[in-house]
Amino acid sequence: MAVLCRHRISIVVRIFGVIHDPQNRLTAAFGQAMAAAFGPDYAQADPLIKLSANPKFGDYQANAAMGLAKKLGENPRQVAQKILDHLDVDELAEKVDIAGPGFINVHLKTTYLAQQVQALASDERLGVAIEADKAKTVVVDYSGPNVAKEMHVGHLRSTIIGDTLSRVLAFAGHRVIRQNHLGDWGTQFGMLIENLLDAGVDASAQISDLEDFYRNAKQRFDAEEGFADRARKRVVALQGGDEPTLEQWRLLIAESKRHFNQAYETLGVILTDDDVRAESFYNEFLPSVVEDLKQAGLLVESQGAQVVFPDGFKNHEDEPQAMIVQKSDGGYLYATTDLAAARYRIEQLKADRVVYVTDARQAQHFGMVFQTLRDAGWAPPTVELDYVPFGMVLGPNRKPFKTRTGGTVKLIDLIHEAQERAGAVIREKNPDLSDDEQKNIASVVGIGALKYADLSSDRIKDYVFDWDRMLALEGNTAPYLQNAYVRIQSIFRKGEVDVASLDGVDVQVVEPAEKTLALKLLQFAGVVDAVALSLHPHRLCTYLYELASAYHGFYEKCPVLTAADEATRQSRLALSHVTARTLQQGLNLLGIDVVSRM
RNA sequence: GCGCCCGUAGCUCAGUUGGAUAGAGCAGCGGACUUCUAAUCCGCAGGUCGCAGGUUCGAGCCCUGCCGGGCGUACCA
């Protein structure tokens with residue numbers, strides 16, 4: 001009985017939640033029509049509802065008839081007609097017709113759009129359903145900087161793509177567990193700790209510039225007599241649990257975390273010490289990873305190392321590619337750690353889905369890790385493993401992004417430059433703002449631009465870093481979206497509108513610009529779900545850009561405060577308010593703030 | 001050599017499980033401000049979707065082979 005009740009509630013939530021998107025309504029209606037026309041086997045067939053490319057073809061189109069005709073051995077236009085004969089969309093469509101080879105074009109009623117936008121306006125979640133029965137526990141592995149190394153532009157990608165995906169998954173109703181897989185272990189810590197010990201007591205001062213500190217240690221390791229030997233001994237001491245060595249190691253970690261946390265806070269990235277599960281955390285599990293692989297019959301000794309040969313991977317000799325889990329000297333590698341971490345996430349954290357946000361160069365590594373997890377039965381088929389690769393950041397000449405002198409671009413410098421450049425634009429455009437306001441806006445706009453530039457193109461591609469383009473007020477940029485929000489706030493300020501008074505206001509969709517905006521608003525939930533599924537943040541960006549663009553069009557064509565009559569004025573205020581909320585929520589999912597003037 | 005990724009307008013990018021005439025922005029040209037912020041909007045122009053085959057009623061998208069670029073390919077991560 002209890003189970004029945006819970007099931008019922010989740011169904012109700014789902015139907016109530018997704019009802020705002022015409023695409024879902026049409027998919028359901030067409031599915032029923034197809035089942036009625038061709039039998040129950042076709043109830044699950046996808047009617048292929050899409051936005052129409054051209055307004056003359058209506059608002060949405062169903063493209064299933066052509067494919068269906070082939071299967072049924074009938075004329076596609078006749079198939080379309082049969083679907084129409086059983087189709088009931090009177091509530092939302094004013095006209096449905098067949099065109100071309102068998103497209104079914106749907107012209108929506110503006111009254112339906114108005115009613116749905118009104119429903120959206122009273123929905124805190126803007127139509128995004130929480131589907132309790134589909135909610136998963138999702139572990140998202142992102143950021144993962146290295147201790148005692150400065151964060152650079154490469155970490156920015158993992159950090160903000162992972163942060164966005166975490167936010168989207170959480171908003172879509174999943175239980176998200178963030179995991180910051182800090183690089184705090186490995187042979188390089190020998191030289192780092194040795195360098196730190198030589199420097200004396202004031203660790204904080206010594207590693208305030210982590211990049212210098214690391215480079216200095218590396219130089220001494222390569223050049224200085226005896227230093228490399230001491231470093232190697234220090235590694236052994238660290239691995240052996242020597243307390244004075246561990247003390248220095250912890251110092252390095254603590255100091256590094258301070259840097260990371262500062263960057264996260266400035267960037268508005270939701271990562272705290274609670275999310276840190278560093279490499280060293282898995283040390284105690286590594287021997288059992290190897291042992292259990294052996295028990296599973298997957299372990300092979302090769303050239304003195306313990307390896308596995310996951311199916312489907314070849315090396316440069318075109319032979320099976322080995323993945324080393326234990327070196328010939330007994331040490332472990334990142335493959336071992338990644339296997340241990342995955343087991344921990346699945347067994348201890350109860351993950352249904354594990355998402356790895358890592359650069360594209362590690363595709364083969366994760367391919368082999370995933371295959372091994374499957375082969376060993378550690379990741380059952382019910383657990384989804386997602387590798388979320390991303391490309392490199394390139395400079396203007398399409399070479400990896402570097403400083404003018406060829407050095408690594410520090411993340412913190414990048415952030416400061418974004419704030420400064422945004423500040424310069426704001427001072428020019430809006431000189432009346434107070435210093436405090438300017439500074440705050442510059443930070444929100446600058447960091448927003450920096451993040452949005454990274455998120456707005458398909459992550460798999462390398463992207464070209466360009467300050468002028470990301471800070472431009474035209475085109476697919478964060479400032480453009482933020483400005484649409486500002487314009488709406490400006491209307492409310494000027495009209496002294498209390499948005500609370502807009503509750504329950506009748507929405508009217510009359511002008512073409514109003515219809516374009518209304519249609520766009522209703523698509524938000526579908527986009528959020530699509531991103532939660534595909535893990536492609538740029539789709540959300542594209543949507544928000546289209547929404548902002550639709551609002552700017554509306555703004556030009558449809559006076560709000562000076563509308564012809566009070567009902568129109570109220571309706572347009574309501575439309576503006578839902579737009580503002582959608583922009584704000586959408587940007588929030590991207591980890592980007594809004595301001596009320598800029 | 002083998003594997004993965006990328007190739008769309010001069011530049012930077014979109015293009016939803018194959019759908020109608022491939023879309024934006026920038027740059028170029030031409031318009032709209034005693035304004036709800038012109039930080040915006042409207043119009044014009046700009047394309048052999050790397051090349052060649054194939055599958056299909058229909059291909060930027062799927063398959064095969066090439067070309068070009070990037071990355072990976074055993075004891076780093």
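Chain naming here is simple, since letters A, B, ... match the order of the sequence lines and numbering starts at 1 in each.
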Query raised in the report: Want to settle it: does A:Asn483 or A:Gly183 sit nearer the 5' end of RNA chain B, counting the closest nucleotide to each?
Result: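 The residue whose closest nucleotide sits nearer the 5' end is A:Asn483.
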
Query - Toward the 5' end of RNA chain B, by each residue's nearest nucleotide, A:Thr562 or A:Gly312 - result: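 Mapping each residue to its closest nucleotide by heavy atoms, the 5'-most match is A:Gly312.
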
Classify the nucleic acid contact of [X] as base, sugar-phosphate or nothing, counting any heavy atom under 4.0 Å across all strands shown.
{"X": "A:Gly367", "value": "nothing"}
{"X": "A:Arg597", "value": "base"}
{"X": "A:Ala99", "value": "base"}
{"X": "A:Lys429", "value": "base"}
{"X": "A:Ala360", "value": "nothing"}
{"X": "A:Gln188", "value": "nothing"}
{"X": "A:Tyr480", "value": "sugar-phosphate"}
{"X": "A:Leu561", "value": "base"}
{"X": "A:His538", "value": "sugar-phosphate"}
{"X": "A:Pro479", "value": "nothing"}
{"X": "A:Cys541", "value": "nothing"}

Looking only at the side chain of [X] (C-beta and beyond, no hydrogens), which of the listed nucleotides [options] gets closest?
{"X": "A:Ala363", "options": "B:rC4, B:rA20, B:rA74", "answer": "B:rC4"}
{"X": "A:Gln61", "options": "B:rA39, B:rA74, B:rG19", "answer": "B:rG19"}
{"X": "A:Val464", "options": "B:rC13, B:rA77, B:rA39", "answer": "B:rC13"}
{"X": "A:Val560", "options": "B:rC36, B:rA74, B:rC13", "answer": "B:rC36"}
{"X": "A:Tyr545", "options": "B:rG25, B:rC13, B:rU16", "answer": "B:rG25"}
{"X": "A:Phe57", "options": "B:rA77, B:rA39, B:rA20", "answer": "B:rA20"}
{"X": "A:Leu333", "options": "B:rU17, B:rU12, B:rC76", "answer": "B:rC76"}
{"X": "A:His552", "options": "B:rC41, B:rA14, B:rU56", "answer": "B:rC41"}
{"X": "A:Met392", "options": "B:rG70, B:rC36, B:rA39", "answer": "B:rG70"}
{"X": "A:Ile324", "options": "B:rA77, B:rA74, B:rC36", "answer": "B:rA74"}

With respect to the phosphate group of [N], does any side-chain polar atom (N or O) of [X] fall under 4.0 Å of OP1 or OP2?
{"X": "A:Tyr463", "N": "B:rC11", "answer": "no"}
{"X": "A:Arg361", "N": "B:rU73", "answer": "no"}
{"X": "A:His316", "N": "B:rA74", "answer": "yes"}
{"X": "A:Lys70", "N": "B:rC57", "answer": "yes"}
{"X": "A:Lys461", "N": "B:rG7", "answer": "yes"}

If we take the [atom1] atom in both [N] and [M], what is their distance in whole Å?
{"N": "B:rG28", "M": "B:rG54", "atom1": "C1'", "value": "41 Å"}
{"N": "B:rA22", "M": "B:rU12", "atom1": "P", "value": "23 Å"}
{"N": "B:rG7", "M": "B:rC49", "atom1": "P", "value": "14 Å"}
{"N": "B:rC4", "M": "B:rU16", "atom1": "P", "value": "22 Å"}
{"N": "B:rG50", "M": "B:rG15", "atom1": "P", "value": "15 Å"}

For [N], which nucleotide in any strand shown is its Watson-Crick or wobble partner with both distances under 3.5 Å?
{"N": "B:rG43", "answer": "B:rC29"}
{"N": "B:rG58", "answer": "none"}
{"N": "B:rC13", "answer": "B:rG23"}
{"N": "B:rG1", "answer": "B:rU73"}
{"N": "B:rG68", "answer": "B:rC6"}

Which class fits the ring pair [X] and [Y]: parallel under 30°, tilted 30 to 60°, perpendicular over 60°?
{"X": "A:Phe492", "Y": "A:His577", "value": "perpendicular"}
{"X": "A:Tyr551", "Y": "A:Tyr555", "value": "tilted"}
{"X": "A:Phe370", "Y": "A:Tyr387", "value": "perpendicular"}
{"X": "A:His365", "Y": "A:Tyr334", "value": "parallel"}
{"X": "A:Tyr282", "Y": "A:Phe285", "value": "tilted"}

Can you tell me how far [atom2] of [N] sits from [atom1] of [X], to the nearest Å?
{"X": "A:Gln321", "N": "B:rG72", "atom1": "CD", "atom2": "P", "answer": "13 Å"}
{"X": "A:Leu455", "N": "B:rA14", "atom1": "CG", "atom2": "P", "answer": "13 Å"}
{"X": "A:Met368", "N": "B:rG3", "atom1": "CE", "atom2": "C1'", "answer": "11 Å"}
{"X": "A:Phe366", "N": "B:rC5", "atom1": "CZ", "atom2": "C1'", "answer": "16 Å"}
{"X": "A:His536", "N": "B:rU17", "atom1": "NE2", "atom2": "C1'", "answer": "14 Å"}
{"X": "A:Glu556", "N": "B:rG31", "atom1": "CD", "atom2": "P", "answer": "18 Å"}
{"X": "A:Leu533", "N": "B:rU16", "atom1": "CG", "atom2": "P", "answer": "15 Å"}
{"X": "A:Asp529", "N": "B:rU16", "atom1": "CG", "atom2": "C1'", "answer": "14 Å"}

Query raised in the report: Pick one: which of A:Gln508, A:Arg572, A:Lys557 meets side chain to side chain donor-acceptor pair (under 3.5 Å) with A:Glu514?
Result: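 Among A:Gln508, A:Arg572, A:Lys557, the one that satisfies the side chain to side chain donor-acceptor pair (under 3.5 Å) with A:Glu514 is A:Arg572.
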
Does the [N] base have a donor-acceptor partner in the side chain of [X] within less than 3.5 Å?
{"X": "A:Asp46", "N": "B:rU17", "value": "yes"}
{"X": "A:Ser456", "N": "B:rA14", "value": "no"}
{"X": "A:Glu546", "N": "B:rA24", "value": "no"}
{"X": "A:Asn105", "N": "B:rA20", "value": "yes"}

Requested in this report: Identify whether a stacking contact exists between A:Phe103 and B:rA20, where the ring centres must be under 5.5 Å apart and the planes under 30° apart.
Outcome: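 Yes, aromatic ring over the base.
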
Query raised in the report: Does the ring of A:Tyr555 meet both stacking tests against the six-membered base ring of B:rC41: centre distance under 5.5 Å and plane angle under 30°?
Result: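 No, aromatic ring not over the base.
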
Query raised in the report: Side chains of A:Ser443 and A:Asn440: is there a donor and an acceptor less than 3.5 Å apart?
Result: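 Their side chains do not contain a donor-acceptor pair, so the 3.5 Å distance test is not met.
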
Requested in this report: Measure from the side-chain N and O atoms of A:Ser302 to the backbone N and O of A:Ala305, and report whether any donor-acceptor pair falls under 3.5 Å.
Outcome: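 No; judged by distance alone, with no hydrogens or angles, the pair does not exist.
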
Query raised in the report: Does atom CD of A:Glu496 have more than 12 heavy-atom neighbours from other groups under 6.0 Å away?
Result: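 Atom CD in A:Glu496 is not packed in, count stays at 12 or less.
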
Query - Side chain to side chain, A:Lys520 and A:Tyr543, heavy atoms closer than 4.5 Å - result: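 Yes; the side chains approach each other to less than 4.5 Å.
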
